[in-house]
**Q** 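Okay, handing you the structure first.
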Amino acid sequence: VSLHKINSLDMITILRKLRKNIFKGNKFRNYIFYAIGEIILIVLGILIALQINNWNHRQILKNREVAYIEDIRLSLLQDLDTIEYIIAFNYEKDSCITKGIELLGSEMDNSNRASEFLQLLFTIGYFEVFRPNFVAFDNMISAESIDLIRNDSLRKSLSYYYGSKESYELGTQERIKDKTRQFLDYVMPIIVSKEIASNLIGQNLEFQYGSSKENEFYKNPRVFYELFMMKHNISDQNSELERYKSQIDELLGLIAEIQQMK
């Protein structure tokens, strides 16, 4: 029991001396300041690391936004080229339709009329429809990254321009396809003669068709009607294409402003 008391007294003595040493010469205060400083440094280190991590993450997202915008810009330029090509083709087709209508009312040999009209059909019987290049936009949507486009005006304009894929093949453009096909299906059987059929085949064959001299397709009112409707549809399509061009120009303007700010 005596030994236990001695050990207890010794421990109390040691603790008293330690306390005196800590408080002696403001050592305790220095210790507290040191501990607080260590805590502040640790907190600052964590905050700096978080800031660096956040900056890196923002930079990655910014780079992805820049890449998506550039891909979309290139797609829009491609769309613009496609529209210009279709409009140029439509003017050529419209010109051929006009010549076709003139042939219907011209005073000329039936054989020559049918032959010239058939030549025009290589252009009249073809059509072009516009459909945007959706690849870049679809890639962004598939990655659920449209929110990376921080500019509200650009994001809304892109959504409006690409809209529904089906809408670009409905309405006027659908009528262009239907009317062109209907015209060919109707006019070819009534314009083909023995001579024309033989030329197409490349050899003389006996057909049940009449001779070119007897072919009076030009008197058929439906031929004129179908040609007239195609001219009307071409005009409508060109107006629609011009509207798409305006949207593209607006989008390219927004993109140019954003890229200049980067």
**Q** Strictly by modelled atom types, are Arg243 and Ser246 linked by a side-chain donor-acceptor pair under 3.5 Å?
**A** no
**Q** Are the charged groups of Glu174 and Lys177 less than 4.0 angstrom apart, N to O?
**A** yes
**Q** Closer than 3.5 angstrom, by distance alone: can the side chain of Ser115 be matched with the main-chain N or O of Asn112 as a donor-acceptor pair?
**A** no
**Q** Given side chains that start at C-beta, do those of Met140 and Ile72 come closer than 4.5 Å, heavy atoms only?
**A** yes
**Q** Please answer: with hydrophobic residues joined when any side-chain heavy atoms are less than 4.5 Å apart, are Met188 and Tyr186 in the same cluster?
**A** yes
**Q** Considering all heavy atoms of both residues, which atom of Leu227 and which atom of Gly100 are nearest to each other, and what is their separation?
**A**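 Shortest heavy-atom separation between Leu227 and Gly100 comes out as CD1-C, 4.2 Å.
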**Q** Check step by step if side chain to side chain contact (heavy atoms under 4.5 Å, CB included) holds for Tyr85 and Asp81.
**A** CA-CA 6 Å; Tyr85 168 78; Asp81 288 341; over 6 Å; no
**Q** Linking I/L/V/M/F/W/Y whenever their side-chain heavy atoms sit closer than 4.5 Å, directly or via other members, would Ile83 and Leu77 fall into one cluster?
**A**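 Looking at the clustering, Leu77 is in the same group as Ile83.
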**Q** For Ser235, is there any backbone N or O sitting under 3.5 Å from a side-chain donor or acceptor partner on Ser239?
**A** yes
**Q** Going by the rule side-chain hydrogen bond (donor to acceptor under 3.5 Å, both in side chains), which residues pair with Ser159 if we only count those two or more places apart in sequence or in a different chain?
**A** none
**Q** Apply ring pair (Phe, Tyr, Trp, His ring centres under 6.0 Å) to the pair Phe117 and Tyr218, showing each step before the final yes or no.
**A** CA-CA 10 Å; Phe117 196 87; Tyr218 62 95; over 10 Å; no
**Q** Looking at Glu65 and Arg150, would you say the former's side chain and the latter's main chain have a donor-acceptor pair under 3.5 Å?
**A**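 Side chain of Glu65 to backbone of Arg150: a pair is present.
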**Q** Arg222: which residues meet the side-chain hydrogen bond (donor to acceptor under 3.5 Å, both in side chains) condition with it, sequence neighbours left out?
**A** Glu226
**Q** Going by heavy atoms in the side chains, are Thr98 and Ser95 under 4.5 Å from each other?
**A**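 No, too far: nothing below the 4.5 Å cut-off.
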**Q** Can you list every pair that meets ring pair (Phe, Tyr, Trp, His ring centres under 6.0 Å) and has a residue in residues 135-154, with sequence neighbours left out?
**A**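 Those involving residues 135-154 are Phe137-Tyr162.
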**Q** Would Asn233 and Gln237 count as a side chain to side chain contact (heavy atoms under 4.5 Å, CB included) here? Give the steps.
**A** CA-CA 6 Å; Asn233 289 332; Gln237 187 189 28; over 6 Å; no
**Q** Do NZ/NE/NH1/NH2 and the carboxylate oxygens of Asp152 and Arg155 come within less than 4.0 Å?
**A** yes
**Q** List the residues meeting side-chain hydrogen bond (donor to acceptor under 3.5 Å, both in side chains) with Thr180, not counting sequence neighbours, and say none if there are none.
**A** Lys93
**Q** Begin from the C-alpha positions of Ile97 and Ile234 and carry the test side chain to side chain contact (heavy atoms under 4.5 Å, CB included) through to its verdict.
**A** CA-CA 10 Å; Ile97 292 174; Ile234 286 172; 3.8 Å; yes
**Q** Determine yes or no for a side-chain-to-main-chain donor-acceptor pair under 3.5 angstrom, with Asn53 supplying the side chain and Ala49 the backbone.
**A**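 Not confirmed, Asn53 side chain does not pair with Ala49 backbone.
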**Q** Nearest 0.5 Å, please: how far is CG in Leu47 from CG in Asn54?
**A**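 One gets 10.5 Å once the value is rounded to the nearest 0.5 Å.
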**Q** Could you state whether Phe89 and Phe183 fall into the same hydrophobic cluster, counting links through intermediate Ile, Leu, Val, Met, Phe, Trp or Tyr residues with side-chain heavy atoms under 4.5 angstrom apart?
**A**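 No, no single cluster joins them.
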**Q** Distance from Leu120 atom CG to Ile101 atom CD1, nearest 0.5 Å?
**A** 11.0 Å
**Q** Treat each ILVMFWY residue as a node, draw an edge where side-chain heavy atoms are under 4.5 Å apart, and state whether Val66 and Ile60 are in one component.
**A**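 No, separate clusters.
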**Q** Establish, from distance only, whether the side-chain atoms of Gln259 and Glu70 form a donor-acceptor pair under 3.5 Å.
**A**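 Note: Gln259 and Glu70 side chains meet the donor-acceptor criterion.
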**Q** Minimum heavy-atom separation for Ser106 to Arg113, with atom names?
**A** O-NH1, 2.8 Å
**Q** Give a yes or no on whether Gln59 atom CD has more than 12 heavy-atom contacts from other residues, nucleotides or ligands under 6.0 Å away.
**A** yes
**Q** List for me each residue that meets ring pair (Phe, Tyr, Trp, His ring centres under 6.0 Å) alongside Tyr68, sequence neighbours excluded, and say none if there are none.
**A**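 If we apply the ring pair (Phe, Tyr, Trp, His ring centres under 6.0 Å) test to Tyr68, skipping adjacent residues, there are no hits.
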**Q** Within the structure provided, determine whether Thr82 and Phe130 are in side-chain contact (heavy-atom separation under 4.5 Å).
**A** yes
**Q** Can you name the residues that form a side-chain hydrogen bond (donor to acceptor under 3.5 Å, both in side chains) with Glu92, not counting sequence neighbours?
**A** none
